[in-house]
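Reading through the structure tokens given below for one structure.
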Number of protein chains: 2
Amino acid sequence: MTELPPVVARMWGREPGTRRGPRPRLDLATITAAAIEIADADGLAGVSMSGVAARVGVAPMALYRYVGSKDELLTVMADGAVPPPPERDGRSWRDYLVAWTRANRDLLLRRPWLLSLPGLDPPMGPRRLRWLDRALDALGDTPLDDGERFNVVTALTGYALTDATLTHRMSSGGRGLDDAGITGAADYGEVLAEVLDPQAYPALTAMMRAGLLRESEGWTEDADFRFGLDLLLDGVEALIARRATNAGA
Amino acid sequence: MTELPPVVARMWGREPGTRRGPRPRLDLATITAAAIEIADADGLAGVSMSGVAARVGVAPMALYRYVGSKDELLTVMADGAVPPPPERDGRSWRDYLVAWTRANRDLLLRRPWLLSLPGLDPPMGPRRLRWLDRALDALGDTPLDDGERFNVVTALTGYALTDATLTHRMSSGGRGLDDAGITGAADYGEVLAEVLDPQAYPALTAMMRAGLLRESEGWTEDADFRFGLDLLLDGVEALIARRATNAGA
DNA sequence: ATCTACTGTGTAGAACGTACAGTATTAGTG
DNA sequence: CACTAATACTGTACGTTCTACACAGTAGAT
């Protein structure tokens, strides 16, 4: 039996039982809740140990009774920020996965600081694993095997992440280079146009000339999102179809 | 004409012309090269202004003549770390995009610190844009329109990123929770098994019982990678097929 | 009642990013 | 050529941030 790292235990609700010293005045949940509120208000940069400690009314060092380091706190936040996944409501696996992926992406847009966390994926906590479970369950209707289901969910997660990163950076202007006042796709296109050498970037310049990055008629962010997602799901359906005919042979 | 932020100008090779003061002893390229060497050796955490300055033989504050802040340096590194994209070599769009995406993923595995950079995507520099250009060019053979091509590339990028994140965290054990000695998929599975409530996570526990996360016969990391990628590309082909018949109608 | 494990505090230190003032260096100007 | 002014880099200093460590108070165990 593997030793559970203490934070992991607490993240899964296993706060230690009655022990010797004074009764703890905090628990991991209230600490992460405070940290998340700060991140929601001021972004990841606003989250400091002292800040979180102040918000829960405690000295900074007290947090280290619940968390081994700031990095650990960030990891726990990455799980704590996740709401329950959408309900199935009798939808087909495909309809459900569309809703699931969109909810995933919307979460990332509502809490953009999740995007700047270093590497979200595998050390999943209870909430993130619940999402994984629901998606796997939806794929239970399909003839895919376990590994394939897992890979499908991985691809969907990645798509949500990329799409969220892109639309967030495009709309509200990220950090770094955008400090010069470049915000929004149009400005970005202008800067690019100024600097792109048509010889070295033929396909790109052609596209820019055609006006890709300016808003076109009837274009919506959501249409873009659906497009890539349907790409993936069409691939899944194609696989299922192949699987079905192969099984008959 | 939009004012180019100074770092952007330098990133695109536009070092300022002869000016009044002493001749510069550095340029942005050598600074970023030094920073990248440090990151390759010690990870992102090892990159500090003083460290980079020491490596190029200069006082820390000198760097601020070339870079507005550490964040800017990181942004420039994100582009500088990118090699030239694969050559087309007469391959079909699909074969090329497979190679392209794999090269993309391999890069992320070779320089894992890229994975922990906050938000890679849109402030692309010359090298990353070159990748984008090559992928768009490959899709030039297809009847997709500009926006669709762009979305396809986006999805592929996202897939490379997710796959790299996953395999990196699984194999070499990331930071955070894994400090307790959890490395590799098998260990991860054990920890999960210990903590998962079958009631709340039915699909997941079923899968674990079936032994997903243990190595199975004939399984390779690359097979997983190809699987998800083919999913996406099958979707693209389905779209192209639909497009072709619609065009005839 | 005493022991002892435990919780939260206070202080202190190391590392880091960067603002600011100063010094040396060079191109332009008369 | 002498002078001016813009520039590159240095040195110092300050504010933050994370965290190690020693301590005081608390409450279950014996």
Side-chain angles (χ1 to χ4, degrees), chain A residues 6-7 9-10 14-32 34-35 38-39 42-77 113 116-118 175-176 179, chain B residues 6-7 9-10 14-32 34-35 38-39 42-77 113 116-118 175-176 179:
Chain A
V7 206
R10 274 200 248 260
R14 308 254 157 96
E15 301 276 346
T18 57
R19 291 193 298 182
R20 233 175 235 200
R23 235 159 256 115
R25 291 199 300 214
L26 275 61
D27 53 63
L28 187 58
T30 61
I31 292 179
T32 58
I38 295 178
D42 305 336
L44 249 206
V47 177
S48 70
M49 289 293 150
S50 346
V52 177
R55 185 171 256 266
V56 297
V58 110
M61 286 310 291
L63 302 183
Y64 287 90
R65 295 276 157 194
Y66 302 84
V67 158
S69 67
K70 185 184 183 180
D71 266 1
E72 269 188 12
L73 176 59
L74 293 180
T75 308
V76 178
M77 286 171 67
W113 52 268
S116 22
L117 275 181
R175 305 180 300 109
D179 291 346
Chain B
V7 206
R10 274 200 248 261
R14 306 255 158 97
E15 300 274 347
T18 58
R19 292 192 297 182
R20 228 175 237 201
R23 235 159 255 115
R25 291 197 302 214
L26 275 57
D27 53 61
L28 186 58
T30 61
I31 293 178
T32 58
I38 295 177
D42 304 337
L44 249 206
V47 177
S48 71
M49 289 292 148
S50 347
V52 177
R55 184 170 257 266
V56 297
V58 109
M61 287 308 292
L63 302 183
Y64 287 90
R65 293 277 145 187
Y66 301 86
V67 158
S69 66
K70 185 183 182 181
D71 265 2
E72 270 188 13
L73 176 59
L74 293 180
T75 307
V76 178
M77 286 171 68
W113 51 269
S116 22
L117 275 182
R175 305 180 298 107
D179 292 347

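Within every chain, numbering begins at 1; the chains are lettered A, B, ... in the order of the sequence lines, protein sequences first and strands thereafter.
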Nearest-0.5 Å distance, CD of residue B:Glu72 to CG of residue B:Leu28: 9.5 Å

Nearest heavy-atom contact between A:Tyr66 and A:Pro24 is OH-CB, 3.4 Å

Sequence-aligned protein contact record of nucleotides 5-16 of chain C, with B where the base is within under 4.0 Å of a protein heavy atom and S where only the sugar-phosphate is: BBBBBB------

Distance col, row A:Ile38:CD1 vs A:Ser48:OG, nearest 0.5 angstrom, shows 6.5 Å

Scan B:Thr32, B:Leu63, B:Val67, B:Val58 and name whichever one has a side-chain contact (heavy atoms from CB on, under 4.5 Å) with B:Val52. B:Leu63

Nearest-0.5 Å distance, OG of residue B:Ser50 to CZ of residue B:Arg55: 14.0 Å

To the nearest 0.5 Å, what is the distance between CZ on A:Arg65 and CZ on A:Arg10? 10.0 Å

Mind checking which nucleotides bracket the chain B contacts on DNA chain D, 5' to 3', with an atom under 4.0 Å from a heavy atom? D:dA5 to D:dG11

Heavy-atom side-chain proximity of A:Leu74 to A:Leu44 below 4.5 angstrom: yes

Take B:Arg25 and B:Val56 through the side-chain contact (heavy atoms from CB on, under 4.5 Å) test and state the conclusion after the steps. CA-CA 10 Å; B:Arg25 291 197 302 214; B:Val56 297; over 6 Å; no

Angle by which the axis turns from one end of the helix from C:dA1-D:dT30 to C:dG30-D:dC1 to the other, five pairs per end, to 10 degrees: 0°

Does any non-hydrogen side-chain atom of B:Leu73 lie less than 4.5 Å from one of B:Met49? yes

On a heavy-atom basis, which atom in A:Gly68 and which in A:Val7 lie closest, and how many Å separate them? N-CG2, 4.4 Å

